[in-house]
Amino acid sequence: MQMQERIEAALSQITRATAEIIDLERIETLIKRYVETGERYTVKAGFDPTGSDLHLGHTVLLSKLRTFQQNGARIQLLIGDFTATIGDPTGKSETRKVLDRETVLANAKTYTDQVFKILDPDLTDVVFNSEWLEALGASGLVALTTTYNVARMLERDDFEKRYKAGKSISVSEFIYPLLQGYDSVALKSDIEIGGTDQKFNLLMGRHLQRVYGVGKEQAVLMMPILEGLDGVQKMSKSLDNYIGITESPKDIYAKTLSISDDLMWRYYELLSEKSLEEIAQMKDEVAAGRLHPKAAKEALAMELVARFYDKAAAKEAKEAFDRVFKAKQTPDDMPEFSLESGTWICKALTETGLEPSTSQARRDIKQGAVRIDGEKVQDERLALDKAGTYVLQVGKRKFAKVKVG
RNA sequence: GGUGAGUUACCCAAGUGGCCAACGGGGGCAGACUGUAAAUCUGCUGGCAUUUGCCUUCGGAGGUUCGAAUCCUCCACUCACCA
C-alpha cells in the first residue's frame, strides 16, 4: 500500500544515524496521521543566542529538522534568550552575563540567517523563551522547582561527575533543566530533538508536560554529538576544533581533509547525504584497497563545500588546495604587507601576524619552520634589506606576502 | 555557624625560603615520516632583548627576609565533614 510505504520511508529517514529515540511509537503515530490527514505536528529544538557562528556540529541537528519538515513537521526553533543568562551546566560554564534585548535579537538574527540555509523558513516558528519564562515569576518558579528533587537532579551525568570531583555546582544550574523542560510545556511540543548530551534536559520536558497536564508527552530524538577535528572532543568554537558553515570554501575543504580516516566515516554518517548503504560500500572498498582513503575524504570535503556554497566552489577549493599542497606552490590569495627595508625577520613575522611574539618567532626560526620564498631561514638575526617582494612562510600553512623597500 | 583541606602557567598537576620562568602529563606549535591525514619519534611551549641579560608570573592585598610560589596577617573563592 502506497501510504504505508510513505510512512516507512519517512521513518527510515528520520531514524537514520540517531543515537537514541524515546517513544518511537509516538513519532510513528504523528507521521501516520500526517500522511493520512495532512495534519502537522511540532518539533522543538533549542539554541542559545550566543551569537556564535554555526558549525557542522549544529548542522547534524538542523539536517534532522529539515528531514522532519519534509515529513510534516513545523519546527519550533527556540531561542533560549532567558536560559542563556544562566548557562547550561556543561562543567566549566560560569554564570553568564545577562544579555540585553538588543544583543539577543541581533544574535538571533545572525543565527536564523544561517539556520535558513538549511531549514525551510515557511515551516519554522522562531520563538523566544523569555516570553513565558519572564511571566512565570518567583511563585511560578518555586512551583516549578517543587516538581523535582535534588537526588534526581544529581543523577544528571554532568552534575554527578562534578559533585564527585568536588567541583562547584551553582544552584542556578539546577534551574536550567527545569526551565528548558518548561519550554516544552509552554510550546506543547510533540517531539523535541537535541544532542545526546541533552538527554537529561530533554526528558525533563516529558516530565513537566506530564506534571503540568499538557495532555501529551513529547517524544525525544537524540542525535550523536559530532566530534571536532581532533576526533575526541565535541565540536565547539571554544575548543577551536570546528568547521563553521560560513567559513570560506577553501577552509572547509582544508579542515575536512585534516581529519583522521576513522573520523571521516563518522562525518560521513552524520553529515553526508549519502545513504548508510552507500557509505558502508565505500568503507568496504577502502578496506579492500580499491579506493584510496584520501579520495574518499576529498569527496566528503567537496560535498560539504557544495552544501554551503555550490559545486563550482567545491571544485575550485579542491584545485586551489591541490595547487598549494600537492604541487607545493604558494596560495594565490595571501595577505600582503609592505615593510621598510632592513626590517628584522622576527619583526616582520609579528607584524604580518604570522607569529604572536618575537620570542615565538625566534623559536620557530631555530627549528627551521620559517621560510622566505621557500628557503629556510637559518639566522634569526636576518634583516630584510634587499628591496623586492617576498613570500614569508611559517610552518606548512601560514603565508604572507611582503613588499620590502 | 564550626572544623579541616585547597587556590601554581591554556588544562591537570609537582614544588613547602635561594639550584624556580617553576618537575611531569595533556593540549598547542614546529621538524621527520606521510595522503598538509591519523599513529609514531624528536624539539619547543611567559614577554622583551639580533644569543647566556632584563622584566612579569604561582588566588588578591600587605608584611617578615639579603632573598618568597614557599613563612606571617588580612581578604576573596572552592571543596569535605559536622550543625
Side-chain angles (χ1 to χ4, degrees), chain A residues 90-95 154 159-173 227-243 250-268 283 286-287 289 291-302 304 317-331 334 342-351 353-371 374-385 392-399:
Chain A
T90 51
K92 285 270 155 57
S93 64
E94 304 293 319
T95 304
L154 282 172
F159 287 143
E160 196 187 350
K161 277 195 197 131
R162 283 161 68 191
Y163 192 71
K164 281 190 177 150
K167 295 254 169 73
S168 161
I169 300 172
S170 161
V171 172
S172 68
E173 294 179 78
E227 291 84 356
L229 301 173
D230 53 56
V232 180
Q233 291 194 270
K234 173 181 177 176
M235 181 175 283
S236 79
K237 193 157 194 176
S238 53
L239 292 171
D240 196 23
N241 63 356
Y242 69 100
I243 300 178
K250 196 181 71 183
D251 287 338
I252 294 177
Y253 188 87
K255 283 186 177 183
T256 306
L257 275 205
S258 79
I259 64 176
S260 76
D261 291 353
D262 284 344
L263 190 60
M264 164 174 78
W265 297 117
R266 180 86 172 146
Y267 277 30
Y268 255 118
K283 213 169 169 176
V286 169
L291 179 66
H292 194 292
K294 183 156 190 238
K297 207 178 288 173
E298 283 169 345
L300 174 67
M302 285 184 75
L304 292 176
K318 178 180 173 359
E319 281 165 5
F321 182 89
D322 289 347
R323 204 162 46 242
V324 175
F325 293 104
K326 280 196 180 149
K328 296 237 177 194
Q329 286 173 4
T330 50
M334 288 177 270
T343 303
W344 178 33
I345 179 67
C346 292
K347 272 276 168 285
L349 290 169
T350 53
E351 274 178 36
L354 295 181
E355 293 281 19
S357 68
T358 58
S359 297
Q360 183 65 43
R362 283 164 191 275
R363 282 194 288 268
D364 279 341
I365 289 170
K366 236 174 253 170
Q367 302 205 97
V370 176
R371 290 163 189 270
E375 290 288 315
K376 247 183 217 173
V377 176
Q378 309 281 355
D379 184 2
E380 62 181 86
R381 284 172 295 187
L382 182 83
L384 301 171
D385 37 36
L392 296 184
Q393 181 184 358
V394 178
K396 285 174 195 155
R397 38 191 108 177
K398 282 183 283 185
F399 294 90

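We name chains A, B, ... by the order of the sequence lines, and we start the count at 1 in each one. Given the structure is predicted, the values throughout are model-derived calculations rather than measurements.
- Using a 4.0 Å cut-off between a side-chain N of Lys or Arg and a carboxylate O of Asp or Glu, A/Glu319 and A/Arg323 do not qualify as a salt bridge.
- At a threshold of 4.0 angstrom between heavy atoms, the contacts of A/Ala254 include nucleobase atoms, whether or not backbone atoms are also involved.
- Considering all non-hydrogen atoms of both residues, A/Gln393 and A/Gly395 come closest at NE2-O, 3.0 Å.
- Salt-bridge check for A/Asp322 with A/Lys318: passed, with a basic side-chain N closer than 4.0 Å to an acidic carboxylate O.
- When heavy atoms are screened at a 4.0 angstrom cut-off, A/Arg363 is found touching the sugar-phosphate backbone but no base atom.
- Spacing between B/U42 and B/G35 at atom P, rounded to whole Å, works out to 23 Å.
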For this session: Go along nucleotides 48-54 of chain B 5' to 3' and tag each nucleotide: B for a protein heavy atom under 4.0 Å from its base, S when only backbone or sugar atoms are that close, - otherwise.
Result: BBBB---
Exercise. Between A/Glu298 and A/Leu257, does a side-chain contact (heavy atoms from CB on, under 4.5 Å) hold up when you go through it step by step?
Worked result: CA-CA 7 Å; A/Glu298 283 169 345; A/Leu257 275 205; 4.1 Å; yes
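- Interatomic distance, CD of A/Glu160 versus CD1 of A/Ile169, reported as 10.0 Å (0.5 Å rounding).
- Taking atom C1' on both nucleotides, B/A69 is separated from B/U56 by 14 Å, rounded to a whole Å.
- As rounded to whole Å, 16 Å separates atom P of B/G43 from atom CG of A/Asp364.
- Between B/G63 and B/C19, the distance separating the two C1' atoms is 26 Å to the nearest Å.
- Looking at A/Ser357 and A/Ser359, their side chains never bring a donor and an acceptor atom within 3.5 Å of each other.
- Within 4.0 Å of A/Tyr163, counting heavy atoms only, lie sugar-phosphate atoms of the nucleic acid but no base atom.
- Between the P atoms of B/U40 and B/A21, the separation comes to 33 Å (whole Å).
- Between B/G43 and B/G4, the two C1' atoms lie 45 Å apart (nearest whole Å).
- Rounded to the nearest Å, the gap between the P atom of B/U16 and that of B/U7 is 13 Å.
- The separation between A/Glu355 atom CD and B/A30 atom P is 9 Å, rounded to whole Å.
- A/Ile365 comes within 4.0 angstrom of no nucleic acid atom, judged by non-hydrogen atoms across all strands.
- To the nearest whole angstrom, the two C1' atoms, one in B/G6 and one in B/C12, are 15 Å apart.
- Nucleotides B/A68 and B/C58, compared at atom P, are 12 Å apart to the nearest Å.
- Counting atom types as modelled, A/Asp230 pairs no side-chain N or O with a base atom of B/G27 as donor and acceptor under 3.5 Å.
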